[in-house]
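First up is the structure itself, then whatever we jot down about it.
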Amino acid sequence: MTFSDLGLSPKVLSAVSDAGYTKPTPIQAGAIPHALLGKDVLGIAQTGTGKTASFVLPMLTRLEKGRARARMPRTLILEPTRELAAQVEENFIKYGKNHKLNIALLIGGVSFDEQDKKLERGADVLIATPGRLLDHRERGKLLLNGVEILVIDEADRMLDMGFIPDIERICEMIPFTRQTLFFSATMPPEITKLTEKFLHAPVRVEVSKAASTATSITQRLVKSGNKPWEKRETLRNLIKAEDADLKNAIIFCNRKVEVSELFRSLLKHDFDAGALHGDMDQRARMQMLNNFRDGKLRYLVASDVAARGLDIPDVSHVFNYDVPIHAEDYVHRIGRTGRAGRAGKSFTIATRSDTKYVDAIERLIGAKIEWHDGDLSTVTESEGEEQPRRGRGAPRRAGRNDEDRKDRGERKKDRHAKRDEAPEIAREEQPVAEVADIAERRARKDAIRSENERKGSGNRHEQRGDARPQRDRPGRHREEDDATVGFGDDVPAFMRIVAKV
Ligand code: AMP
């Protein structure tokens, strides 16, 4: 099958041929003919499958008829992150080079003014992240009742990021006569529900299971002790060992605090690194990404949120500095390498506390991942435990070089960072599974404490001649027993004398 078999317009076909693409990918072959007929499409496909062109190309063909009106975009594409939105815009520019279309990109981190001007001019294509889109609408600068085609891209990522209520609101603002093209790498129940509510008799096109990882990627697990400095050391050693094959690498961390810490550490150790996380402003993120893409940076330290779906065609290595908490993120992360049939390598640093996450990943991908240099049972004491402090008279380690000094500085910083940054992790980026773990631990602790206190306060009541069991008075239980007040159980005898009133 060729692109000209799909029913695309001559202008689009010419741009595709200029891009050098000769054969449609399976998602393109499956989705484009239906999208051109105005049908709803449910595309189950990951990034890297050519899914962007599978909605951009038919949209361009359909947009050739009609004109945009001020503040009333004709089509709307929702993306979970700014980078993905910007990437879709690039696709429209590339494939729409023979069209005169107004494209408006509404993303956070940039001023409203420019975006207002684009809306005012009338947008044929509006590409937006949900939050910024709703902001514009609330400011009265945007009407959604002229939208003929709605694209919801990376729906499962939207779910992870908590955007589903926003998506529902937006869907309800757009006429039901619209065409909806919906893409997701996976179909968890919440996403299925969303498609049942907002898609009309969709054609389902599924190109590959989200759980599958490309066979062109060599995957390895790498054991490490669980202290940050140990993990950083493991990473540095790995990078050095891979040097000959390593063209460039993305290094994934679970949290943005780790992204910045690791980034600073790599710089200190003279690695040519950049960082990408959600707190950076848009210009800095794009700059960083372009530098990495153009080969000006060899290492990019990134969080999942910042890196999901990025189209960086030629990455030789992916390092998971942390084992991802959500098994599906593993598939997405390592999918950054081994693209378009190229060989790629992924190394996942695992500590003893990561075992359950590694198990979940292996269950998802349906395969065991080989260990690079011995499994976790071979982690030595010093790798798993805090290194003993050297006493005053203790012999100094041999080879006190720069590396050692940098390491010691970082270990010291780790101790401070732990104290300083824990609240930020809890507030902003604590992974859901971990939050659940903590909640469970807290609940268990609460139950034990209540039980102890119930026993303790029962004694107090008995001493006061009030033997009514606590459970008779559930409302007061917490108020009375939650905290030790005054002397607690060590109340001096004279204070126990009941005063007559
Ligand atoms: P996507 O899944 O949309 O992120 O696309 C992944 C990569 O595949 C991008 O670099 C596209 O430019 C490229 N691509 C899209 N369609 C084709 C095609 N038919 N043949 C070869 N490469 C393509």
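For clarity, every value in this text was computed on a predicted model and none was experimentally measured. As the structure lists them, so they are numbered: ligands from 1, and atoms in each ligand from 1. Count residues from 1 along the sequence. Note: hydrogens, waters and symmetry copies are ignored here, and every other heavy atom, side chains too, is used.
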Short N/O distance, under 3.5 Å, between F3 and ligand 1? no
- Task: Measure up the F347 and F319 rings against each other and bin them: parallel (under 30°), tilted (30 to 60°), perpendicular (over 60°).
- Result: parallel
inquiry  = Whether the side chain of D153 engages the backbone of F183 through a donor-acceptor N/O pair (distance < 3.5 Å, no angle test) should be reported.
reply    = no
Say whether, by atom type as modelled, one donor and one acceptor occur between the side chain of E362 and the main chain of I369 under 3.5 angstrom. yes
So the atoms of ligand 1 within less than 4.0 Å of a heavy atom of T52 turn out to be 1 (P), 3 (O), 4 (O)
Charged N to carboxylate O under 4.0 angstrom, D160 versus R157?
yes
Closest to atom 13 (C) of ligand 1 (heavy atoms only, candidates F55, Y95, Y21) is Y21
The answer for which part of K94 has a heavy atom under 4.0 Å from ligand 1 is side chain
Within 4.0 Å of some non-hydrogen atom of K23, the atoms of ligand 1 are 18 (C), 19 (N), 20 (N)
Residues pairing under salt bridge (charged side-chain N to carboxylate O under 4.0 Å, His left out) where one sits in residues 136-146, two or more places apart or in two chains, turn out to be D116-R139, E138-R169
For T25, the ligand 1 atoms with a heavy-atom partner under 4.0 Å come out as 17 (C), 18 (C), 19 (N)
query: Is it true that Q87 lies under 4.0 Å from ligand 1, counting heavy atoms only?
result: no
Practice task
Specify whether H200 and F176 have parallel, tilted or perpendicular ring planes, treating 30° as the upper limit for parallel and 60° as the lower limit for perpendicular.
Solution key: perpendicular
Ligand 1 N/O within reach of Q28 N/O, cut-off under 3.5 Å: yes
